[in-house]
Protein chains: 2
Amino acid sequence: MPMELDKFDRGILAILQRDARRSAELIGTAIGLSASAVQRRIARLREEGVIAAEVAIVDSRAIGRPLTLIVDVEVERERSELLVSLKQWIAAEPAIQEAWYVTGEGDYVLIVTARDVDGYDALMRKLIAENANVRRFQTRVALGTLKRGQLVPVEPTSE
Amino acid sequence: MPMELDKFDRGILAILQRDARRSAELIGTAIGLSASAVQRRIARLREEGVIAAEVAIVDSRAIGRPLTLIVDVEVERERSELLVSLKQWIAAEPAIQEAWYVTGEGDYVLIVTARDVDGYDALMRKLIAENANVRRFQTRVALGTLKRGQLVPVEPTSE
DNA sequence: AATGAAACTCATGAAGT
DNA sequence: ACTTCATGAGTTTCATT
């Protein structure tokens with residue numbers, strides 16, 4: 001049940017996904033609507049959960065975490081009670097920025113941010129020590145970041 | 001040269017990373033500072049690039065893009081001029097939300113959002129057709145999303 | 001459902017400690 | 001460098017079309 005989004009809603013979302021501080025008046029002039037109309041639509045988009053959050057993006061290098069790692073974690077799928085606690089462990093670990101359960105050999109894919117290799121090693125040792133169902137993991141280091149974010153295409157014409 | 005961040009800055013960042021709309025006054029009472037002081041620090045953090053952006057997070061399911069895919073792309077490293085245009089291709093493609101160049105066999109890791117399998121197939125066919133240096137790719141479908149975002153740990157005590 | 005105006009909240013800037 | 005106070009911009013609500 002995806003909600004109805006007309007071209008005005010899409011225009012608003014396209015702008016706010018790049019700059020959440022843009023005023024309703026500026027958005028209005030950009031898409032051809034009054035500030036109040038934009039305001040009300042934004043309120044509705046928040047209400048309906050289309051806009052899930054408005055957040056500040058912090059530069060991880062500026063804050064002393066220049067390392068990004070992509071980790072494939074292989075898990076024993078048998079004991080499901082351990083799986084629940086692994087999920088909780090991942091959710092509670094701030095160094096893990098993103099995590100998906102994916103098709104394949106009981107795999108999870110993690111995006112991890114770290115200060116340095118030692119910091120990453122310590123994290124993964126803890127992961128292994130505290131989660132008995134983690135069979136093994138494979139690490140790839142991000143040598144370059146081409147793109148980051150959760151920008152969702154809102155144009156009906158895009159794939 | 002990561003800039004100096006005291007506990008107030010870290011407190012501000014911790015809050016704004018979760019809710020960029022929180023008022024300076026509320027942040028001030030939370031961390032024990034006046035609204036103006038918070039305001040001035042936020043301005044400085046933006047200035048210095050610690051806060052890189054403030055963006056709206058759009059729920060991709062609510063907008064009709066329920067599929068997330070993790071794609072490993074293997075590239076011929078020889079012809080560097082093709083590499084540049086591949087990077088531009090990735091940058092220009094809105095369905096690719098995230099992309100890293102990683103250690104390994106000339107690999108890129110992509111996070112892709114799609115309406116359905118057909119939409120994803122079409123995207124990858126275009127990728128292959130328009131980038132001669134893409135040797136092959138491997139797709140994993142996200143069966144579940146445990147965590148998303150770019151939340152950077154700001155506490156000095158976290159790994 | 002959009003507009004325009006009023007009331008209000010919040011951010012911004014200045015002066016003082 | 002933080003606090004308080006004054007000003008201005010932006011958001012929210014309401015009455016109207």
Side-chain angles (χ1 to χ4, degrees), chain A residues 1-59 62-64 149-152 154-157, chain B residues 1-59 62-64 149-152 154-157:
Chain A
M1 12 116 270
M3 71 175 290
E4 288 290 319
L5 296 171
D6 62 20
K7 62 168 184 170
F8 293 120
D9 291 322
R10 292 172 191 277
I12 290 168
L13 292 174
I15 293 170
L16 289 183
Q17 282 191 95
R18 290 172 177 85
D19 177 15
R21 295 205 322 139
R22 188 75 57 86
S23 75
E25 187 172 1
L26 277 177
I27 296 172
T29 57
I31 66 175
L33 224 52
S34 76
S36 331
V38 171
Q39 208 64 260
R40 186 156 17 86
R41 280 166 180 268
I42 292 174
R44 205 194 68 223
L45 291 166
R46 289 190 185 121
E47 187 89 16
E48 309 249 12
V50 178
I51 295 177
E54 278 142 286
V55 302
I57 303 299
V58 170
D59 182 352
I63 215 173
Q150 286 174 72
L151 218 153
V152 182
V154 289
E155 304 306 329
T157 51
Chain B
M1 13 133 269
M3 71 175 292
E4 288 289 318
L5 296 170
D6 61 19
K7 63 169 183 170
F8 293 120
D9 291 322
R10 293 172 190 277
I12 291 168
L13 292 175
I15 292 169
L16 289 183
Q17 283 191 96
R18 291 171 175 84
D19 177 14
R21 294 203 325 138
R22 188 77 55 86
S23 75
E25 187 172 0
L26 276 178
I27 297 172
T29 57
I31 66 175
L33 223 52
S34 75
S36 319
V38 172
Q39 205 69 254
R40 187 155 13 91
R41 280 166 181 268
I42 293 174
R44 206 194 67 224
L45 291 166
R46 288 189 185 123
E47 187 91 13
E48 309 249 12
V50 178
I51 295 176
E54 278 143 287
V55 303
I57 304 299
V58 171
D59 182 352
I63 215 174
Q150 286 174 73
L151 219 153
V152 181
V154 289
E155 305 304 330
T157 50

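By convention in this document, chain letters (A, B, ...) are assigned in the order of the sequence lines, proteins followed by strands, and residues within each chain are numbered from 1.
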A.B. asks: Within the supplied structure, the quantity of interest is the number of heavy atoms (other residues, nucleotides, ligands) at a distance under 6.0 Å from A:Arg18 CZ; does it exceed 12?
C.D. replies: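 Atom CZ in A:Arg18 is not packed in, count stays at 12 or less.
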A.B. asks: How many angstroms lie between CZ in A:Arg41 and CD1 in A:Ile27, if you round to the nearest 0.5 Å?
C.D. replies: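 Those atoms lie 12.0 Å apart.
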A.B. asks: Can you give one letter per nucleotide of nucleotides 1-17 of chain C, going 5' to 3': B for a protein heavy atom under 4.0 Å from the base, S for sugar-phosphate only, - for none?
C.D. replies: SBBBB----SSBB----
A.B. asks: What's the separation between atom CG in A:Leu5 and atom CD in A:Glu48, rounded to the nearest 0.5 Å?
C.D. replies: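 CD of A:Glu48 is found 9.0 Å from CG of A:Leu5.
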A.B. asks: Figure out the CG/P separation between A:Leu45 and D:dT12, and round it to whole Å.
C.D. replies: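 The answer, rounded to whole Å, is 13 Å.
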A.B. asks: Roughly how far apart are A:Asp9 CG and A:Ile51 CD1, rounded to 0.5 Å?
C.D. replies: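 Interatomic distance, A:Asp9 CG to A:Ile51 CD1, rounded to 0.5 Å: 9.0 Å.
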A.B. asks: Say you draw a straight line from CD1 of B:Ile15 to CD of B:Gln17; how long is it, rounded to the nearest 0.5 Å?
C.D. replies: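 Between atom CD1 of B:Ile15 and atom CD of B:Gln17 there are 11.0 Å.
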